[in-house]
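To keep things clear, I will list the structure first and then write my remarks on it.
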Amino acid sequence: MTSDFADALASGPLVLDGGLSNELEAAGHDLGDALWSARLLAEDPEALTRAHLAYFEAGAEVAITATYQATFEGFARRGVGPERAAGLLALGVESAREAARRARAGRPGRRLWVAASAGPYGAMLADGSEYRGRYGLGAGELERFHRPRLEALAAARPDVLALETVPDTEEAAALLRAVRGLGVPAWLSYTVAGDRTRAGQPLEEAFALAADAAEVVAVGVNCCSPEDVSGAVETAARVTGKPVVAYPNSGETWDAGSRGWRGRSSFAAERVRDWRDRGARLVGGCCRVGPQTIGSIARTLSGG
């Protein structure tokens, strides 16, 4: 699939944003909710635009929308019907687009991109199962779950669909089928532990699923430890021949019992040189990676 976004990947690395929740929580928003940041699509979309803008101003070139946990099923539990839910999904794309417009106001001609996030089935459950996978559903059921949301996001015309934090190959296969024919390129990124998916499958097997998928313009990993990125990037590039996406967490670990982060950050911007040299072309951060770190990544990749 050819697109402006795919062409941009061919010309050099692009800097992704970091954890959207970082900026939202810093601004005083309580995200302890089954919809997570997607709740603000209905309640305060301007807050989302400001958070995206903070990353663009720090040096990010790609904003990932607040739709990771936004699903028709999740909204229905709040009494939101399908038409309104589709509108909220589209608003996620528009909020990021508005941030890009504001960021370009002072720098006309700056190229910025919007990636529409589609999280795994487990994100809708809001019980941490996106880090385990193997939900007991068949591939057909998972495809039927993902397709309507992907259709709604594609209709909003993002630059790319981010099929992210995928825990196992079964869900990846369902997503690859669900994204066919939408007319929007996609990247596929797994959450991993070591050299395997969170569900325990070898990464070679996982990445190979996307090797011949015309819709997929990049493959890689996100929401994992920074220490797991280099090997995964090298494997993804070798197995697929595609550009690689890499945006790990800070290195801290989430304690589900206390609902807090533990440990210290091990994310050093200097690591991105190694990721780039191994094939990474989309580089940023996920949970607990804020604008300051994204700015450091941007300077590192630009040689500053």
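Quantities reported herein were computed from a predicted structural model and do not represent experimental measurements.
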(Q) Is there a side-chain contact between R111 and D4 in this structure, where contact means two heavy atoms from C-beta onward sitting under 4.5 Å apart? (A) yes
Q. With no hydrogens and no angle check, is any side-chain donor or acceptor of T65 less than 3.5 Å from a backbone partner on G92?
A. no
(Q) To the closest 0.5 Å, what do you measure between CG (L282) and CG (L9)? (A) 4.5 Å
Q) Using 30° and 60° as the class limits, which term best fits the ring planes of W113 and F5: parallel, tilted or perpendicular? A) perpendicular
(Q) Using a 3.5 Å distance criterion without hydrogens, assess whether the side chain of R149 forms a donor-acceptor pair with backbone atoms of G119. (A) yes
Q | Distance in Å, E73 CD paired with L125 CG, rounded so as to fall on 0.5 Å steps | A | 10.0 Å
**Q.** Minimum side-chain heavy-atom gap P167-Y190 below 4.5 Å
**A.** no
Q) For V192, does its backbone N or O pair with a side-chain atom of R198 as donor and acceptor, under 3.5 Å? A) yes
Q) Do the non-hydrogen side-chain atoms of E171 and Y121 ever get within less than 4.5 Å of each other? A) yes
Q. Are the charged groups of R238 and E204 less than 4.0 angstrom apart, N to O?
A. yes
Q. For E43, does the CD atom sit with more than 12 other heavy atoms under 6.0 Å from it, leaving out its own atoms?
A. yes
Q: Using modelled atom types only, decide if a donor and an acceptor are shared between the side chain of Q69 and the backbone of A123 within a distance under 3.5 Å.
A: yes
Q.
Check this for me, if you would: do E57 and R50 make a salt bridge, where the nitrogen-to-carboxylate-oxygen distance has to be below 4.0 angstrom?
A. no
(Q) Keeping R104 on the side-chain end and G109 on the backbone end, is there a donor-acceptor pair under 3.5 Å? (A) no
(Q) Under a 4.0 Å threshold between the charged nitrogen and the carboxylate oxygen, would R144 count as salt-bridged to E141? (A) no
Q: Check whether the side chains of E170 and Y135 place a donor and an acceptor atom closer than 3.5 Å, and report yes or no.
A: no
(Q) For a 4.5 angstrom cut-off between non-hydrogen side-chain atoms, does N22 reach Y55? (A) yes
Q) Side-chain contact, heavy-atom cut-off 4.5 Å: R157 with V184? A) yes
Q. How close do H146 and A178 get, heavy atom to heavy atom, and via which atoms?
A. CB-CB, 4.1 Å
(Q) I'd like to know if D159 and R97 make a salt bridge, using a cut-off of under 4.0 Å between side-chain N and carboxylate O. (A) yes
Q: Indicate yes or no: at least one non-hydrogen side-chain atom of L112 is less than 4.5 angstrom from one of R107.
A: no
**Q.** Any donor-acceptor pair under 3.5 Å from D17 side chain to A63 backbone
**A.** no
Q: Would you indicate whether Q292, at its atom CD, is surrounded by more than 12 heavy atoms from other residues, nucleotides or ligands within a distance under 6.0 Å?
A: no
Q: Test Q201 against R134 for side-chain contact (heavy atoms from CB on, under 4.5 Å), laying out the working first.
A: CA-CA 11 Å; Q201 299 113 342; R134 309 207 179 206; 3.3 Å; yes
Q) Side chains of L48 and L91: closer than 4.5 Å at any heavy-atom pair? A) no
(Q) Within this structure, what is the CG-CZ distance for the pair L88 and F72, rounded to the nearest 0.5 Å? (A) 9.5 Å
Q | Side-chain (N222) to main-chain (Y247) donor-acceptor, under 3.5 angstrom | A | no
Q. Quick check: does any side chain N or O of T67 sit under 3.5 Å from a backbone N or O of S117, one acting as donor and the other as acceptor?
A. yes
Q | Side chain E61, main chain V15, donor-acceptor under 3.5 Å | A | yes
Q. Does the side chain of T49 come under 3.5 Å of the side chain of E98 through a donor N or O and an acceptor N or O?
A. no
Q: Report yes if some heavy atom in the side chain of L16 is under 4.5 Å from a heavy atom in the side chain of V245; otherwise report no.
A: yes
Q) Just how far is it from atom OG1 of T300 to atom CZ of R273, taken to the nearest 0.5 Å? A) 5.0 Å
